[in-house]
Amino acid sequence: MANTFKGGLHPFGGKELTQDMAPVELKPKGELVFPLKMHAGAPAVPVVKPGDTVLAGQLIAEAGSTVSANIHSSVSGKVKKIEMRPFPTGGKAQAIVIENDGEYTEVEYIKSDPEALSREELLEKIRSSGAIGMGGAGFPVDQKLSPHGWEDIKYLVINGAECEPYLTSDYRVMVDDGEKLISGIKIALKLLPNAAAVIGVEDNKPEAIKRLTALAAGEPKITVKAVKTKYPQGSDRTLTYATTGLKIKSTAHANEYGVVVSNVTSLYNVHEAVVEGRPLTRRIVTVSGDSITNPGNFRVYIGTAFSELLEAAGGTSQDPEKYINGGTMMGFAMYDLSAPITKTSASLLAFKKDEVSAVKRGPCIKCASCIGVCPMQLMPNKLAKLAEKGDAEEFEKLYGSYCIECGCCSYVCPARIPLKQSIKAMKAAVKAAKRRERR
Amino acid sequence: MSNIFKVSESPHVRGKRSTQSIMIEVFIALMPGAIFGIYNFGVNALIRLLVGVGVCIAVEAIYQAAMKKKVTVSDMSAALTGLLLAMNLPAEFPIWMEVVGCAFAIIVVKQLFGGLGQNFMNPALAARCFLMLAYTAQMTNYVIDGVSSPTPLAILKPGGEAEGVVNLWDMFTGNINGVIGETSVICLMAGATYLLIRRIISPRIPFIYIATFAAFTFLLTPGHNFDFIYLLEEICGGGLILGAFFMATDYVTSPTTPKGRLLYGVVLGVITFIFRMFGGSPEGVSYAIIFSNLLVPFIEKATTPKPFGWEKPAKKEARHE
């Protein structure tokens with residue numbers, strides 16, 4: 001079976017800056033900000049009001065619907081206010097602001113033995129912990145592990161590829177907390193009784209592959225598979241193909257094909273939620289890039305401002321032009337570092353130079369590089385042209401909605417045409433038009 | 001610390017290759033063939049090459065300035081067109097006619113259709129065909145060492161007036177008559193190898209093209225079928241190597257789809273065979289390529305790739321009412 005997919009590319013990795021740095025705990029000062037929507041689905045509903053005293057690990061906002069997630073305070077202190085605050089991926093969002101008392105007094109966590117719990121009890125534990133997919137989409141983990149037709153799920157594909165440049169937070173989980181990760185996987189397999197788990201790890205992480213392989217040795221249902229180092233190997237479609245050989249079209253749900261895809265950090269959180277009874281209030285965040293004085297990994301209390309994280313890494317050595325929350329291929333450029341670290345914030349990158357603002361767009365020379373790198377085998381050149389014309393019908397005929405927005409086309413284009421950007425905008429417009437039609 | 005950061009949609013990094021760098025690399029890859037042309041045909045060849053490059057750049061700059069457009073000669077595409085056109089001319093070709101050819105390539109074939117990326121025919125080749133029609137005598141007057149003599153392909157042409165025997169080794173090294181840049185197979189292949197290794201061109205078009213042409217020639221040439229030596233002579237002769245690796249692979253005028261490139265190669269091979277065997281001229285490559293350029297939109301449409309995981313939509317089941 002192939003251990004990779006067709007297309008893709010090799011952007012500068014930059015992982016050596018931080019991969020050997022074990023996470024350092026960062027205790028926040030001052031106030032912490034908890035946006036009510038840092039997950040897929042409906043916003044959470046606050047269950048505290050200004051003036052209330054809260055403990056670390058206490059529920060402060062409740063899942064707003066089935067697809068939503070609980071939010072817990074990561075520190076002990078006092079609720080200051082509930083108001084609009086800057087959001088890391090842009091704009092502002094309603095958030096609970098808590099003044100940290102610096103005591104870190106925790107609620108009592110109820111440990112349990114997953115073997116003794118029923119399916120419903122396990123799911124409830126995961127749900128109440130506020131665990132969401134840490135790969136970026138932020139889909140509630142309990143929903144992911146109990147899909148429609150869960151008895152027919154054949155594969156649990158676990159993403160340890162971490163193909164985004166610079167990020168090493170998943171790597172640290174695999175290297176430092178392998179036991180807990182395997183424990184989380186076993187819980188997930190209990191919920192998906194007919195599934196086999198395969199952890200896909202890019203072959204540029206031999207240490208992670210070695211450790212996980214040793215840990216999985218006694219587990220017949222868990223295998224570790226080294227996949228080729230290539231972006232976007234960690235996309236759920238490409239990873240599923242590389243690990244199981246199944247081709248799932250990007251417009252379908254994976255569970256229709258008997259597959260559930262989850263990220264290593266998400267499953268580590270499953271262990272924390274069930275075995276330790278701890279809600280999701282901390283995560284590992286990579287701080288890296290050529291402008292950061294001391295790049296490294298930090299165990300960060302969710303709600304901490306990015307500016308505090310930057311300070312902890314020694315600040316920047318030179319005025320950076322660009323800050324990115326996430327990787328260089330799919331991350332979000334930041335303009336306000338007072339935004340908080342949310343559950344899905346994997347990194348803060350700072351770069352002296354912004355490569356893209358300097359480039360000038362030229363005409364398409366039909367070199368077809370974009371077609372060659374597209375992991376979905378689309379024609380980004382034509383799709384972007386149709387997108388700029390606003391031709392929804394032809395856009396759909398050329399399978400525009402199959403785009404996974406990985407950005408390979410924009411990266412490779414010698415004429416520097418913002419292909420992915422145009423296609424992404426058109427995809428959103430087409431989706432909105434379809435929704436209007438249905439009404 | 002400044003408080004103003006640059007914000008943009010991802011990806012935040014770009015590859016190293018640019019339009020200009022691609023053009024420069026193709027230009028470099030043509031150098032072995034061009035330099036051999038100078039060695040073979042002397043200073044006349046050098047002058048034609050310099051005129052081709054210089055005039056094409058100048059014509060593009062003047063046209064764009066006159067039309068109040070942005071002057072884009074720094075992308076090097078005009079320089080490349082000029083080099084390719086000059087490599088397709090006999091070394092003694094009148095210079096004023098070459099200037100006409102350059103102007104035709106840049107203005108009529110390229111700029112009038114919208115400039116780089118919009119032309120549907122390869123400018124250098126379209127100009128060559130134009131010159132062939134306009135100045136046939138001068139375009140077919142091949143002079144080497146001061147003597148006008150037929151090219152190997154003209155010698156090989158069955159029933160042709162120059163029919164005779166050629167030396168395959170001379171054809172391979174380039175010690176033959178022809179246009180400036182087409183004679184040395186080994187020099188052209190060195191440049192082509194560079195482009196293939198650098199992945200600037202995909203091997204699909206040139207190899208399928210040559211393979212198809214070879215298959216037809218090997219099996220269907222009257223009097224020479226299953227003649228291996230004749231086959232090699234046909235491959236090494238004329239503009240096939242130059243055309244297959246440097247002109248059929250022109251991005252703008254060839255299909256962008258992976259399957260389309262295979263189909264395009266087959267079409268080129270078949271048409272080149274037909275033109276060479278049954279056409280009036282021993283040459284067929286230039287016409288075959290510009291003719292196939294016209295088929296590209298249809299080839300692309302017919303070979304649109306299916307996306308990852310695509311499944312045939314299930315046939316609608318018959319309704320039972």
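Letters go in sequence order (proteins before strands), and every chain restarts at 1.
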Residues 377-389 of chain A vs chain B, non-hydrogen distance cutoff under 4.5 Å, contacting residues -> Gln377(A), Leu378(A), Met379(A), Asn381(A), Lys382(A)

Those residues of residues 395-404 of chain A that come under 4.5 Å of chain B on a heavy-atom basis, listed by number, are Leu398(A), Tyr399(A), Tyr402(A)

Under a 4.5 Å heavy-atom cut-off, does chain A meet the side chain of [X], its backbone, both or neither?
X: Lys16(B); value: backbone
X: Arg199(B); value: neither
X: Leu116(B); value: both

Tell me if the aromatic rings of Phe5(A) and Phe308(B) count as close, with their centers under 6.0 Å from one another. no

One option among Met334(A), Glu405(A), Met330(A), Lys249(A) has the most heavy-atom pairs under 4.5 Å with chain B, and it is Lys249(A)

From the list Gly117(B), Ser202(B), Pro255(B), Ser21(B), the residue making the most non-hydrogen contacts under 4.5 Å with chain A is Gly117(B)

Counting heavy-atom pairs under 4.5 Å with chain A, the top scorer among Asp250(B), Val13(B), Asp75(B) is Val13(B)

Nearest 0.5 angstrom please: [X] [atom1] to [Y] [atom2], how far?
X: His12(B); Y: Phe332(A); atom1: NE2; atom2: CZ; value: 8.0 Å
X: Lys366(A); Y: Asn119(B); atom1: NZ; atom2: CG; value: 7.5 Å
X: Ile22(B); Y: Ile365(A); atom1: CD1; atom2: CD1; value: 4.5 Å
X: Ile417(A); Y: Thr19(B); atom1: CD1; atom2: OG1; value: 8.0 Å

So what's closer than 4.5 Å to chain B heavy atoms on [X]: side chain, backbone, both or neither?
X: Thr328(A); answer: both
X: Arg416(A); answer: side chain
X: Phe12(A); answer: neither
X: Pro375(A); answer: backbone
X: Ile248(A); answer: backbone
X: Cys367(A); answer: both

**Q.** Criterion salt bridge (charged side-chain N to carboxylate O under 4.0 Å, His left out) on Lys420(A) and Glu9(B), from CA distance to verdict
**A.** CA-CA 9 Å; Lys420(A) 173 235 149 181; Glu9(B) 173 73 31; 2.6 Å; yes

field: CA sep, side-chain torsions, deciding dist, call: Tyr323(A), Phe5(B), ring-ring contact (aromatic ring centres under 6.0 Å, His included)
entry: CA-CA 7 Å; Tyr323(A) 286 102; Phe5(B) 312 135; 4.6 Å; yes

In Glu355(A), Gln421(A), Lys322(A), the residue satisfying side chain to side chain donor-acceptor pair (under 3.5 Å) with Ser8(B) is Lys322(A)

* Where do Lys6(B) and Glu321(A) land on the salt bridge (charged side-chain N to carboxylate O under 4.0 Å, His left out) test, with the steps shown first? -> CA-CA 6 Å; Lys6(B) 294 198 166 149; Glu321(A) 273 189 2; 3.7 Å; yes

Exercise. Any side-chain heavy atom of Arg14(B) sitting closer than 4.5 Å to one from Val356(A)?
Worked result: yes

Scanning both residues in full, the closest heavy-atom pair of Val7(B) with Tyr335(A) reads CG2-CB, 3.6 Å

For Pro11(B) and Gly407(A) the tightest heavy-atom approach is CG-O, 3.5 Å

